[in-house]
Novice: 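Dropping a structure here in structure tokens format, bear with me for questions.
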Amino acid sequence: MWKRAAALLCALLCLFGLCNPAAAKEPIKWVDFTPTLEALEKTLAIDIKTHDSDRQLNWIDLLAYLAAKYGGNFKKFSDRDLNTLFGKLEAGESIESLTQNMKYFAYYREAYEAVLGEYVGKYRVQREVDGQTVWQEKYGLKVFSPIAKNFPFAHYGDFGTGRDYGYKRRHLGHDMLAAVGTPVIAVETARVEAVGWNQYGGWRLGLRSLDGKRYYYYAHLRKNRPYHADMEQGKLVKAGDVIGYVGRSGYSAKENTNNIKQSHLHFGVQLIFDESQKEGPGEIWIDAYALTELLQKNRSETVRDPETKEFSRRFDFDEELLGRAASLAVPEPVETKAPPTVPILMYHAVSQDKSRQGRFCISPEELENDLKTLRDEGYESVLLSDLAAFVRDGVELPERPVVLSFDDGNFSDYHYVFPLLKEYGMKAVLSIMGTLTDQYSEDGRTDINYPNLTWTQIGEMLQTGVVEIQNHGYDMHRGVGCAQKWGESDEVYRERLTKDLDRMQQRTLEMTGVESRFFTYPFGAISDISDQVMEELGFWGSMSCREGLNVLDGPEDLFRLKRMVRPHGMSSWRLLKKIQPEA
């Protein structure tokens with residue numbers, strides 16, 4: 001969260017003239033590409049019109065000038081402003097003189113160059129003239145629509161809308177609805193950088209422009225035969241080549257699965273000013289709606305081979321970039337990893353007393369079966385501290401991680417859970433309550449059905465490294481838990497929550513020497529500002545009672561971690577199905 005906020009702040013400082021993007025050593029960290037189709041078409045027309053004149057005008061210069069004038073808001077675009085600019089340039093004024101007092105021009109010029117840098121230029125293309133296929137020399141738009149010519153599609157502005165498969169996130173691409181099998185086209189001459197399966201994008205392709213500034217992400221390609229036959233990492237593809245086929249694959253950890261309801265191409269455009277921005281919180285994705293509208297001016301016509309059933313382009317294409325590309329070394333394939341998915345199982349008490357068994361109490365035999373099944377299926381138990389080490393420090397997680405969490409600090413954690421964990425080589429997170437731990441530490445009772453853990457038992461388990469303890473509140477299990485009471489002001493609520501959690505933190509540190517870094521919400525009751533209190537107290541994350549899997553893509557994903565209740569009466573294989581839907 002803080003990395004994204006820092007990137008946005010840096011960009012805003014540049015936009016408001018508090019830094020000089022042209023002179024700054026740091027790369028651009030934020031681009032909001034807003035030129036409308038009308039602005040793109042009209043500036044492109046001027047570029048093409050003046051190509052053979054003594055004063056050719058570059059459309060990127062024109063767009064950057066207008067962006068600086070409008071503060072990046074092209075809803076203000078008017079023909080009058082463009083015509084006035086065109087007139088001044090035609091009269092002999094230079095773009096440098098007209099923009100010398102524009103604080104943001106250099107920023108927009110660099111940003112728009114990253115988006116459009118190789119879109120316009122000289123090229124050769126084949127055309128059919130009087131029944132003959134001939135080469136024609138041209139100047140203009142030399143990039144193509146992602147969807148082949150003569151294949152219908154529909155699209156709308158959906159950049160930034162919500163997605164919730166795996167975890168809540170923004171949609172960072174542009175969806176183009178088309179029939180399964182529709183040929184997908186390389187927008188520009190590029191290298192294939194990524195090929196393969198991703199549980200979010202299904203079968204996908206990643207193409208990198210030859211100047212390294214644009215990464216095109218094509219996702220949800222066709223099941224079974226997603227790519228053109230000769231597609232592979234490192235391959236050079238020409239603008240207009242067929243690279244794959246529309247489908248509806250994805251939203252599944254199991255390879256080659258169709259879980260997308262509507263067949264479509266997810267088309268994403270990422271800008272890269274520095275290689276550190278390729279993966280992670282520093283990624284820059286732009287809204288490609290206006291671009292895809294513009295690219296419909298060039299749609300690559302295809303033909304189908306009746307034997308192989310493969311589509312290929314009908315007319316060949318050539319440009320200067322192809323000659324330059326031949327002299328460049330083929331980059332090493334870059335392995336990209338999707339954020340790991342981590343299930344957290346929520347247990348409470350363990351008892352042989354059948355009258356107690358239910359949603360929050362299981363038998364020792366059920367727990368043992370769970371541990372054995374998870375182990376046999378290749379799952380390795382990890383602690384919440386391991387999740388923090390992954391997102392904060394990059395420490396790798398096992399291939400199949402699972403968190404075993406036990407709430408309330410029941411004595412059965414010591415009597416049943418602890419021995420089984422050691423026997424099966426597993427670890428667990430114990431979320432303990434201060435009042436009951438203090439009470440039973442003084443009481444000394446050992447009735448298996450009712451008392452909680454003592455500090456002595458907790459200390460014994462901690463020494464083995466088999467368990468870690470986390471904060472479940474000192475006295476938060478009474479009443480509404482962490483929920484904000486009706487009529488309670490934010491100030492009073494913040495004070496009440498802070499006092500209880502801090503008391504538990506201090507008590508745990510005093511009795512064990514351990515500082516808890518995660519809070520487990522009693523009853524799953526959460527308020528709007530509770531996470532703010534957690535962060536202020538130095539917590540790294542929290543566990544909720546909301547069902548689901550967790551995808552760890554950044555430190556912010558450690559808060560309100562989802563868990564799945566393990567009730568009595570469920571088989572271990574059915575439990576496995578919950579955490580591994582494709583099992």
Side-chain angles (χ1 to χ4, degrees), residues 37 40-41 44-45 48 116 118-156 173-190 192 203 205 207 209 214 216-222 225-231 235-248 262-269 288-319 321-322:
L37 174 62
L40 292 169
E41 288 181 329
L44 174 62
I48 295 172
L116 305 168
E118 298 288 356
Y119 275 34
V120 174
K122 293 180 179 179
Y123 63 97
R124 295 195 313 147
V125 65
Q126 287 182 331
R127 286 290 181 261
E128 189 173 293
V129 178
D130 298 328
Q132 298 292 321
T133 300
V134 298
W135 284 95
Q136 292 182 346
E137 302 276 349
K138 291 200 170 191
Y139 175 89
L141 203 61
K142 57 188 181 76
V143 285
F144 292 81
S145 169
I147 300 293
K149 187 176 182 179
N150 301 321
F151 286 85
F153 72 92
H155 67 149
Y156 54 92
H174 181 65
D175 287 345
M176 306 179 75
L177 281 61
V180 172
T182 297
V184 172
I185 302 299
V187 167
E188 67 172 294
T189 298
V192 178
W203 292 119
L205 274 170
L207 268 56
S209 63
R214 289 168 299 288
Y216 297 99
Y217 182 65
Y218 300 79
H220 306 312
L221 301 180
R222 182 175 62 184
R225 295 177 60 210
Y227 311 120
H228 194 274
D230 60 356
M231 207 51 50
K235 177 181 174 61
L236 177 68
V237 294
K238 293 191 290 187
D241 280 354
V242 177
I243 56 176
Y245 302 96
V246 171
R248 54 186 190 89
Q262 171 67 57
S263 61
H264 69 278
L265 171 68
H266 171 104
F267 174 66
V269 181
Y289 179 76
L291 281 181
T292 56
E293 289 275 284
L294 180 71
L295 294 178
Q296 289 186 57
K297 287 179 171 291
N298 266 1
R299 297 184 67 183
S300 182
E301 190 171 349
T302 59
V303 292
R304 183 174 181 268
D305 186 318
E307 293 186 6
T308 65
K309 300 181 181 178
E310 288 279 6
F311 283 87
S312 59
R313 67 186 311 151
R314 181 181 177 188
F315 296 112
D316 204 356
F317 173 86
D318 186 27
E319 61 174 324
L321 276 177
L322 290 166

Novice: Answer whether the closest heavy-atom distance between the side chains of Leu221 and Leu265 falls below 4.5 Å.
Specialist: yes
Novice: What donor-acceptor contacts under 3.5 angstrom involve side-chain atoms of residues 175-183, with partners at least two apart or in another chain?
Specialist:
from   : atom 1 : to     : atom 2 : distance (Å)
Asp175 : OD1    : His171 : NE2    : 3.2
Asp175 : OD2    : Arg163 : NH2    : 3.3
Thr182 : OG1    : Ala179 : O      : 2.8

Novice: Walk me through whether Tyr216 and Val269 qualify under side chain to side chain contact (heavy atoms under 4.5 Å, CB included).
Specialist: CA-CA 5 Å; Tyr216 297 99; Val269 181; 4.0 Å; yes
Novice: What residues, two or more places apart in sequence or in another chain, satisfy side chain to side chain donor-acceptor pair (under 3.5 Å) together with Gln126?
Specialist: none
Novice: Would you please name every residue forming a salt bridge (Lys or Arg N to Asp or Glu O under 4.0 Å) with Arg127, sequence neighbours left out?
Specialist: none
Novice: For Met231 and Val237: C-alpha separation, side-chain torsions, deciding distance, then whether side chain to side chain contact (heavy atoms under 4.5 Å, CB included) applies.
Specialist: CA-CA 9 Å; Met231 207 51 50; Val237 294; 4.1 Å; yes
Novice: Mind checking what makes side chain to side chain donor-acceptor pair (under 3.5 Å) contact with Arg314, not counting sequence neighbours?
Specialist: Glu128, Glu301
Novice: Under a 4.5 Å cut-off applied to non-hydrogen side-chain atoms, are Arg304 and Lys309 in contact?
Specialist: yes
Novice: Look only at the side chain of Asp305 and the backbone of Glu307, and say whether a donor-acceptor pair between them is shorter than 3.5 Å.
Specialist: yes
Novice: Taking all heavy atoms of Ser312 and all of His228, pick out the closest pair and write down the distance.
Specialist: CB-NE2, 4.4 Å
Novice: Please report the interatomic distance CG(Asn150) to OG(Ser300), rounded to the nearest 0.5 Å.
Specialist: 10.5 Å
Novice: What heavy-atom pair brings Ile147 and Ile185 nearest, and what distance separates the two atoms?
Specialist: C-CG1, 4.0 Å
Novice: Using salt bridge (Lys or Arg N to Asp or Glu O under 4.0 Å) as the criterion, list what pairs up with Arg313, not counting sequence neighbours.
Specialist: Asp241
Novice: Under 3.5 Å, is there a donor-acceptor pair between the side chain of His220 and the main chain of Ser263?
Specialist: no
Novice: Tyr218: which residues meet the ring-ring contact (aromatic ring centres under 6.0 Å, His included) condition with it, sequence neighbours left out?
Specialist: Phe267
Novice: List for me each residue that meets salt bridge (Lys or Arg N to Asp or Glu O under 4.0 Å) alongside Lys122, sequence neighbours excluded, and say none if there are none.
Specialist: none
Novice: Shortest non-hydrogen contact from Ala186 to Leu207?
Specialist: CB-CD2, 3.9 Å
Novice: Apply side chain to side chain contact (heavy atoms under 4.5 Å, CB included) to Asp316 and Lys238, showing your working.
Specialist: CA-CA 9 Å; Asp316 204 356; Lys238 293 191 290 187; 2.5 Å; yes
Novice: Are any of the side-chain heavy atoms of Asn298 and Val143 separated by less than 4.5 Å?
Specialist: no
Novice: Check side chain to side chain donor-acceptor pair (under 3.5 Å) between Arg222 and all other residues, then give those that pass, not counting sequence neighbours.
Specialist: none
Novice: Under the side chain to side chain contact (heavy atoms under 4.5 Å, CB included) rule, collect the residues that match up with Ile48, sequence neighbours excluded.
Specialist: Leu44, Tyr139
Novice: By ring-ring contact (aromatic ring centres under 6.0 Å, His included), which residues pair with Tyr245, not counting sequence neighbours?
Specialist: none
Novice: If you take all heavy atoms of Tyr123 and Gly121, which pair is closest and at what distance?
Specialist: CD2-O, 3.5 Å
Novice: Taking the side chain as every heavy atom from C-beta outward, state whether Phe151 and Thr302 have any atom pair closer than 4.5 Å.
Specialist: yes
Novice: For the atom pair CZ (Phe144) and NZ (Lys149), what is the distance rounded to the nearest 0.5 Å?
Specialist: 10.5 Å
Novice: If you define the side chain from C-beta out and look only at heavy atoms, does anything of Val303 sit under 4.5 Å from Phe311?
Specialist: no
Novice: With the side chain counted from C-beta on, respond yes when Glu319 and Glu118 share a heavy-atom pair under 4.5 Å apart, and no when they do not.
Specialist: no
Novice: Apply side chain to side chain donor-acceptor pair (under 3.5 Å) to Ser209 and list each qualifying residue two or more places apart in sequence or on a separate chain.
Specialist: Asp211
Novice: Under 3.5 Å, side-chain donor or acceptor atoms of residues 288-296 against the rest of the protein: list the pairs with distances, not counting sequence neighbours.
Specialist:
from   : atom 1 : to     : atom 2 : distance (Å)
Thr292 : OG1    : His155 : ND1    : 3.4
Thr292 : OG1    : His174 : NE2    : 3.4
Thr292 : OG1    : Ala288 : O      : 3.3
Thr292 : OG1    : Tyr289 : O      : 2.7
Glu293 : OE2    : His155 : NE2    : 2.7
Glu293 : OE2    : Gln296 : NE2    : 3.2

